[in-house]
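Note that this is a predicted model, so its numbers are computed, not measured.
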Amino acid sequence: VVVFDPTDPSINLALNKPVTSSLQNPGPSKPSNPSGELFPESMVDGDLATYFQTYGGGWFEVDLGEEMPIGGIHIANLCDG
């Protein structure tokens with residue numbers, strides 16, 4: 001997830017901010033995450049190689065810390081083949 005700053009779109013206001021989700025999902029094991037568990041923090045770590053997924057009605061929320069204007073939101077979608 002990228003939350004763009006309204007005056008400088010190169011700034012991601014959501015980067016490494018606290019994330020809450022309705023789910024925690026198991027996922028594939030990686031060297032950096034040998035348990036294979038996916039964490040909602042993956043949504044805001046700035047790394048497109050990590051991901052988080054929700055199923056049917058699942059949600060996530062990013063806490064920006066305060067009310068502020070935003071310039072836009074981008075959610076990258078992972079498509080499996």
Margin query: To the closest 0.5 Å, what do you measure between OG (Ser22) and CZ (Phe60)?
Written below: 10.5 Å

Checklist line | Closest non-hydrogen atom pair between Ala14 and Val3, with its separation | finding: CB-CG2, 3.7 Å

Note to self: Please determine whether residues Val44 and Ile75 belong to a single hydrophobic cluster, defined as Ile, Leu, Val, Met, Phe, Trp and Tyr linked transitively by side-chain heavy-atom distances below 4.5 Å.
What the structure shows: yes

Next item on the list: Report yes if the side chains of Ile70 and Leu64 come closer than 4.5 Å at any heavy-atom pair, otherwise no.
Entry: yes

Notebook entry, point to check: Hey, are the side chains of Leu13 and Met68 touching, using non-hydrogen atoms and a 4.5 Å cut-off?
Noted result: yes

Margin query: Could you list the cluster mates of Phe4? Members are the ILVMFWY residues connected by side-chain heavy atoms closer than 4.5 Å, either directly or through other members.
Written below: Val2

Item checked: Ile73-Met43 co-clustered via ILVMFWY side chain contacts under 4.5 Å -> yes

Next item on the list: Can you sort out the partners of Thr20 under side chain to side chain donor-acceptor pair (under 3.5 Å), two or more places apart, ordered by chain and number?
Entry: none

